[in-house]
Amino acid sequence: MSVKETLEWAAILLILLGGIISVISALGLIRLPDVYTRSHAASKSSTLAVLVCLTGAFIYFWFHDGYVSIRLILGIIFVFITAPVAGHLICRAAYRSRVPLAEGSGEDELKPLLFANEDKPDL
Amino acid sequence: MNNLIVLPLIIPIITGVILVFLRHSIMLQRVISTITMITVSIMSFILLEIVESEGIIRLDFSGWLPPFGILFVADSFAMLLVLTASIVTTICLLYAFSTIGKQIETMFFYPFILFLIAGVNGSFLTGDIFNLFVCFEVMLLSSYVLVAIGGKKVQLRESLKYVLINVVASWMFLVALAFLYGTVKTLNMAHIAQRVAEVGQEPLLTTVAVLFLLVFSLKAGLLLFFWLPGSYSVPPAAVQALFAALLTKVGIYALIRTFTLMFPLNQDITHTLIGVMAGITIIAGCMGALAGRDVYTIGTYNVIIGVGFILIGLAVGTEAAITGAIYYLIHDIVAKALLFLIIGMMVYLTGESVIKNMSGLIRNYPLFGWIYFIVLLALTGVPPLSGFVGKILIGQGAIEAESYILLAIGFASSIIVLYSLLRIFLASFFGETTISFEDRKPIPKGAYGSFIFLAVTIVFIGVGAESLSVYVKDAVNTLMNPSVYIDAILKG
Amino acid sequence: MESLIVILVGILVSVGTYLVLSRHMIRVIVGTAILSHAVHLLILAMGGLKKGVVPLLGQSEDGFTDALPQALILTAIVISFATTAFLLVLAYRTYKTNGTADFRELRGISDE
Amino acid sequence: MKETILLIALTLFMVAIAILLYRVIMGPSMPDRAIALDTIGVNLISAIAIVSILLKTKAFLEAILILGILAFIGTIAFSKYIERGVIVERKGDS
Amino acid sequence: MSGLFGQFLLNLFIALLWLLLVDAPTPEITTFFSGFVVGIGILYVMHRFFGTRFYLKRVMKLVNLILLFIKEILISSFSVMKQIITPKLNITPGIFTYKTNLEGEWEVTALALLLTLTPGSVVMEVSEEGDVFYIHAMDIEQSKEEVIRSIGKFEKAIMEVTR
Amino acid sequence: MTFELAIILLPFIVAACIPIFYRRLPKKAIGWVVLMVPLSLFLLLTTYIPRIAKGQTFSNYYEWIPSFNINFTTYLDGLSLIFSLLITGVGSLVILYSIFYLSKKESLHHFYCYLLLFMGAMLGVVFSDHLLVLYTFWELTSVSSFLLIAFWHHRKASRAGARKSMTITVSGGIAMLVGFLMLYSMSETFSIREIISNIDVISEQSLFIPALVLILLGAFTKSAQFPFHIWLPDAMEAPTPVSAYLHSATMVKAGIYLVARFTPIFGGEMIWFWAVTGVGLLTLFWGSFNAVKQVDLKALLAFSTVSQLGLIMSLLGLGSIAVYLGYSKDSIIYTQAAFAALFHLINHSTFKGALFMMVGIVDHEIGTRDIRRLGGLMPILPFTFTVALIGSLSMAGMPPFNGFLSKEMFFAATLKITQLDVFSIDTIGVLIPVVAWVASIFTFVYCLIIVGKTFFGKIKPDILEKNPHEAPIGMLISPFILIGLVVGIFIFPNLLGHYILQPAMAGIYPTFPSTEELTPHISAWHGFNMELWMTIGVVILGITLYFLLKRWKPIYRWIPQRLTLNSLYETVISFSENVSESLTKRYMNGNLTHYFSYIYMVFVIVVAGVFFLTNSFEWSLVNNSSVESFELILVFVVIFAAVAILFTTSRIASVLLNGVLGYSVAFFFVIFRAPDLALTQLVVESVTTALFLICFKFLPDLTPERTSKRVKVSNGVISILVGATVTIVGLAVVNYEKFETISTYFEDAYNLAGGKNIVNTILGDFRAFDTMLEVVVLFIAGLGVYTIIKLKAKKGDADIEN
Amino acid sequence: MKINDVILRTVVKGVVFIILTLGVYLFFSGHNAPGGGFIGGLVLGSGIVLLYITYDLETVHKKMPFDFKKVAAFGVLLATGSAIGSLYFNAPFLSQTDGYFNIPILGEKHLTTVTIFEAGVALTVIGTLVTIILSISEDE
Ligand code: NA
Ligand code: NA
């Protein structure tokens, strides 16, 4: 198996890996108890899935077609940068719109700050 | 020279856009829009002359030969309608100047009107079925805004219904287009006609044709007119007049074009269907007009009756009937515009729309009243006014084709038209005057000007019907012989 | 595939139609959006699906998929977008002035 | 073989999307749906990449970037909507 | 002065981006120029937004930072997936605070992003002053320690790029 | 321009001038100026008499719309001449009378303008050979009559009467027009003379009888024949000169004219004979019978007019038998009925005109026309009394007045016809003279009423208080001229017969070789024949009935008020209005959802109906491309997302799910090799979703649909049917592979348009025009959004519309 | 506690450049690759909308003081105007020409009038998109 062939296979396996990670994190979105924990699955493992997959695709195009796709790199960078931001924003929005934490959650240092006076929330 | 054909569409669009920049100079907007529409009218007339003398001319956009590119086709039928529509728009603009109010004028009223007429003219001229869809949308979007312009409660309510129904209608249009492309694999109307003829308009193609029938019926208010009375009652009078005059006519135009050019071969199904729909439309329109207690209801249902009557011409399909349909189409554009301008003025003068709450208008506004009387007679089909020639030709056609039921419905509807319009005349124009001559609101000069012009046009179309006949006959020749159209597009 | 898509279109149309027959403005508007999706897919299906390569010259020169429906859909999408934007605004203005988003209450018979 | 694996991967992504659809439909909270939709978008990115390989074309690579951008903008919009009910504010620091 | 310089850098960056996007077989100077022109256009539209510095000097540090990002996402993803796959969920989510020494929007942002990528934690809020992070942890016992352990490392890596 | 055209045009020209110049004239002068018109025309027309009497006719042809064979052919023959003389002659007298009758406070310019309009129109009717031009003038007479009836339009009754007359006469006119069109389709000419000359070809065609019926409808409505006569009494709301002119002397005779004109065409038909004779006799009887019970003198005259018109009509019917029999020595005798018709037509105009003017004077001087309040006026209004007496006796058919002559001829004709055994006359034909005779008795009675109740008996005290006196001389000139004619014609009937009636007979029987034999010698005394006995019977019974009036008048109450034709008419109108209203309101209820249901139902019924009717369904998978498993999953994702929207109760969820659909569609675009579409769809979908969210700030959340299960089920059924319709047609279309697509042309995009992206070259070049307009659409939408938001109705702006 | 948008704003500042650049790129690449006036315009418009979402009307308007209605109108004028141009040369309406032009600095470039047309399209899309979003957001 030539180097090219090997790398192509690596790319394809990366893509497959991405698919597996994706399914797992999707399951996470079903399984985890509240929106905050689900956002972990979304902003981390789902992101990883796409990054792995795009990397695979990048490698494949590079070695199969000899084509270095800047778009893919940009896509990777973009997803990479924005995924945590999205997670952050959604969590904040959820919290401020009073989506409750899952039962059995531990301390909540934000609550006294935002909803100290439950009757008069400072929104 | 062929480039001239695009002017009735492109001039209004460009000036419309320019007027956006002149938002706050109302005078300038008025002047420019008037000049624009006069120019378009003149251009249309010149084109009509050219087409009549030299035959169909077409403009292949970007120079792509049919059937590959989009094209405009000017035949006498299209040009007659473009000319009439442009003239009527000019008049409605004149009316709008003195009645519409600054607030609406600064809200791009004139651009919307110009876009509307651009869409209308485009629909008449295009030779490409998908482009027809796009032209419809130009017209519709403008009409959406114009129904709601003013922002009154009822306006918004009715315009929302109007928009939604038209959105669904446009959706049906797209479905029809999908099926059309899926079968004949082309979009050029002449090419479609050729291909449909090649396989003898097989059953599936007839199904597609019927789908188009429904789509255009929704636009024309043929049977599916539910949207019409509400939405035509709410906008400012000038807009109402334009709507009543033009919008349904575009649908009618499309129906005539579709079933004379593209799908003329299975008339047992298509034309029978059109006939049944036209008959029901007229009956329903008559019932609505009879039931009407206010000017808007009576007026809008008369629009519906008119639609049904014209389409009897198509359903009957003989040369005389089609000729009549064209005459009646032209008449109806002018007469309905005038009717709605008058109705609008009545409401403006009295602040009322229920006829029994108005009285004796003719005492204070004699000329106004007599002009209404003229339009009443014209719409009834009393000779020698505009409705007459079309009516008798459609009648002749119906007799030739032995469509006696349609004949009976069509001619009986004239009685209801007369009865309903006479009711307005007797209740609102005649009777005791409640306001003294000194206290009356004056009718703006511009409005009077537009009334008089349209009334004169009505008389002219009737008395001078002969002067139009050369164009109408040419139009009919093309409609009755699709090969004329097809050859003009696909050969040479 | 074409048949599958046509059936899918049919299902979308049913859903869209049902929504359009609702009383609430938002449902109706969402219904029209779904109808749009459906018809776009339908147009594409009518040109034949997966019958050729991406209609870009220079990548592969044999057997392009039908590009014309794609162009038509593009136009349709934009028009549909324009309409939807206007529709939404009109809907909320209507709601604000008439005080209801229910079409049964927007009949306008009562105040005549 | 390669193609089969790619198809399997593609199917996996689709399965993930189908699972995520459950979250979009069931909620329960709005942020849940938003996250799920965002994730569907992200998964579609992968799917497009795979389809590009399968179809041997570079034509869809822009779509990847665009989808990334849009998923991001969409999430911002949603979170603002959920948080403030308004997406575009009139004045700063409201 | 430094603002203008930063903008110039940004412009170059856009031109570069352009060059990459155009994706010609061989990068050409003309393409770069057109990219520069595009950049001028965009910057003209945007220039008022650009008030702070942008340093491209320490590329190496940046690469370092990027690698850190990649490492973090790998670790954290796998830790999340582990949780998901574990038949029985055994976690105690919660929210805790962290006060940072970093200042300036780029620094704060970078740190927040890094923290979000850290296993088990998502930054939920930043205080008005921009110095306190409110962090949601998937499992508060474990994450709080991890965050506090690695946070100094992050701050250093960021400052190496920015200062 | 010929004289004939000038004759028609003059009234119109003067009418058009009145509104322009009336302000410059003294009020009184208008009438005198207008009087010149009919007077000069009358004089002009009299110059035609000798030539026409010699058998000459005058025809001229003017082009109007030659493309559709609509031209203006004037035709002046004996028949036209009679009518035109009546129109101008009576017209002159009526205008003269009006000058004194109408107060100067009235809007005289309107009055004379309408009157001239009518005159011109009426002349047009009788001078037109072209059917459509005839129709044109015909409708114009209805219109001018409408305007004249509504002259005092501030009165409710005037407006109602005007509406009724216009509705009925125009409807009849429309029926007549259809009949004309049918004649045209059979004969391919609009010329009456040409139709007559082609009659053999036409009468065999299936449309012949329908045309006959329709044309008769026109004639009957116009001439107030039963049951259409109901408009005429209401038309008495018009000023009395109008009643005298239009509603007794001229317009109502247009129907008579039409029947006379068309006798050569339709005369041979049994249906024509029975319709014209039967309806005429029925009208004659019904009119006279009802006249007796009237208490308003004008109403009485109106019914009497109805009755007399019926008489003339029935005579024309009787005369038509001669056309059936064809020219022969024996058939000539039946033409006498038509001759009598023409004769009575003129006589009626004279005495009825006089009587109307008499009533006008009574009304004018006494202030009422109610016979219950009148009486003993003979000493106060001696001249008027003279007019009343002579007019009434003539109408009653008494010598020495012209009515006697024509009445006798009428009786003779009815008797004569019974001897025939065609058209089942031998069985029921005996009724003809009987009805005629009975009707004449009632006629006699009401004539006595006119004179007796008004001028004899005791004078009512409240009338005396007003100190009434005889009318001014100006008002008496016209009635006296008319009664002069009444007497004059009795004395010299054959002068009229020879110069006026004889040439007109040629118009009714053009195929008969000589008019000489069609012209009987009229003599007052013709021995004690059956006719005379009938007359004597009429007098005896009439006088008896008059004096026993109180005894038998209650029979009028036998007919309940609800069942009178008038209330029947009102009921039909209000019933159809109410039914229309309730039906229209039921489906046009403003409910958008219902409208959509109707539209979708029509969609399903029509499209699916035609689809199955034409057997269009065909489906095979031959043309289909393969399906991969991931695609299948995607399809299910789309289906689930779509179905979920149906059940969601959160607007956000529905919009998000719509977003899922949009993204999925975009992915389909990817799978189906449409990169540009995918890109656009992605962006548009996102922006649309954002727009939804932005607008949600102003919109309420979804509420559960509060609809009944029935509605839900029916909506569900409709939706499924719509979807199914699209699917089945779609499947058939997929299967339809007969044409090569035009798209292959675009594959040469690089050489043709210099672009490698085919879709983009289509959008930017091949179909750039679509793109250009689509940009405009987008722009309109953007501007529209701005307008809708910024332009808000002001608070004070009440919703006056709707 | 007031919302501190520092993370969002910072990232968006960076991301907007990518979006805008991509928009311009898509605009130009349309003729030979996916893209074109519409998509370019939409992406550019989305970029601007992103700014509005991230900041607020006032701030963005201060920094980008355009009347987007006029931008859109100008776009339409450009699109129709480029079409009208062909009337001048007596070519069929909307005729496009293309050719290779030698431009200083840039060297020989392939230019077509389609580009002007597409620029009009793009401007209209941007203008309309932003107008719509702004109008709604400004509504009370
Ligand atoms: Na659409
Ligand atoms: Na649509």
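Quick note on labels: first sequence line is chain A, next is B, and so on, each numbered from 1.
- Minimum heavy-atom separation, F:S743 to C:L68: OG-CB, 3.2 Å.
- Side chains of F:Y600 and C:L21 form a contact here, defined as non-hydrogen atoms less than 4.5 Å apart.
- Closest non-hydrogen pair, F:D701 versus C:H24, comes out as O-NE2, 3.3 Å.
- Looking at F:F696, the atoms closer than 4.5 Å to chain C (heavy atoms on both sides) all sit in the side chain, from C-beta outward.
- To the nearest 0.5 Å, the span separating CG on C:D102 from OG1 on F:T703 amounts to 6.5 Å.
- Across F:S664, F:G730, F:G662, F:P700, the residue that shares the most heavy-atom pairs under 4.5 angstrom with chain C is F:P700.
- In this structure, the portion of C:T84 lying under 4.5 Å from any heavy atom of chain F is its side chain and not its backbone.
- Contact of C:L42 with chain F is made through the side chain alone, with heavy-atom distances under 4.5 Å.
- For F:K697, there are no salt bridge (Lys or Arg N to Asp or Glu O under 4.0 Å) partners, not counting sequence neighbours.
- With a threshold of 4.5 angstrom between heavy atoms, C:F103 approaches chain F through its backbone and through its side chain.
- Between the side chain of C:R93 and the backbone N or O of F:I789, no donor-acceptor pair lies under 3.5 Å.
- Residue F:T771 does not touch chain C at all, counting heavy-atom pairs closer than 4.5 Å.
- Both the backbone and the side chain of F:F672 come within contact range of chain C, with heavy atoms under 4.5 Å apart.
- Looking only at side-chain heavy atoms (C-beta outward), C:V28 and F:T593 stay at 4.5 Å or farther from each other.
- Heavy-atom distances place both the backbone and the side chain of C:R104 under 4.5 Å from chain F.
- Contact annotation for C:L74: both backbone and side-chain heavy atoms come within less than 4.5 Å of a heavy atom of chain F.
- Taking the side chain as every heavy atom from C-beta outward, C:L106 and F:L592 never approach each other to under 4.5 Å.
- To the nearest 0.5 Å, atoms CG (C:L87) and CG (F:L691) are separated by 11.0 Å.
- The minimum heavy-atom distance linking C:Q70 with F:R673 is given by the pair NE2-O, 2.9 Å.
- Of the two parts of C:L44, only the side chain, counted from C-beta on, holds a non-hydrogen atom closer than 4.5 Å to a non-hydrogen atom of chain F.
- Both the backbone and the side chain of F:T707 come within less than 4.5 Å of a heavy atom of chain C.
- Using a 4.5 Å heavy-atom threshold, the side chains of C:L4 and F:L632 count as touching.
- With a 4.5 Å cut-off on side-chain heavy atoms, C:V15 and F:S719 do not count as touching.
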Self-check item: Check against side-chain hydrogen bond (donor to acceptor under 3.5 Å, both in side chains), C:T75 and F:D770
Solution: CA-CA 7 Å; C:T75 308; F:D770 272 351; 5.0 Å; no
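- For chain C, the nearby parts of F:I671 are the backbone and the side chain; heavy atoms of each come within less than 4.5 Å.
- Contact of F:F746 with chain C is made through the side chain alone, with heavy-atom distances under 4.5 Å.
- Evaluation of the side chain to side chain donor-acceptor pair (under 3.5 Å) rule for F:Y595 yields no partner, not counting sequence neighbours.
- Ranking F:H594, F:R706, F:R767, F:E737 against chain C, the residue ahead of the rest is F:R706, based on heavy-atom pairs under 4.5 Å.
- Rounding to the nearest 0.5 Å places CZ of C:F81 at 5.5 Å from OG1 of F:T688.
- Note: C:I29 CD1 to F:N658 CG = 11.5 Å, rounded to the nearest 0.5 Å.
- Taken from CE in C:M25 to CZ in F:R651, the straight-line distance is 12.5 Å, to the nearest 0.5 Å.
- In this structure, C:Y92 OH and F:I788 CD1 are separated by 10.0 Å, a value rounded to the nearest 0.5 Å.
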Exercise. Let me see the working for F:V638 and C:L8 under side-chain contact (heavy atoms from CB on, under 4.5 Å), right down to the final yes or no.
Key: CA-CA 8 Å; F:V638 171; C:L8 176 66; 3.8 Å; yes
Quiz item: Can you list the steps and then say if C:V78 with F:V777 is a side-chain contact (heavy atoms from CB on, under 4.5 Å)?
Solution: CA-CA 9 Å; C:V78 176; F:V777 168; over 6 Å; no
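- Taking both residues in full, the closest heavy atoms of C:P55 and F:V759 are given as CG-CG2, 3.8 Å, listed atom of the first, atom of the second, then distance.
- No part of F:N735 comes within reach of chain C, as not one of its non-hydrogen atoms sits under 4.5 angstrom from that chain.
- Of all heavy-atom pairs between C:A71 and F:I762, the closest is CB-CG2, 3.4 Å.
- The shortest non-hydrogen separation linking C:M46 to F:V733 is SD-CG1, 3.2 Å.
- Ranking F:D676, F:V627, F:L677 against chain C, the residue ahead of the rest is F:L677, based on heavy-atom pairs under 4.5 Å.
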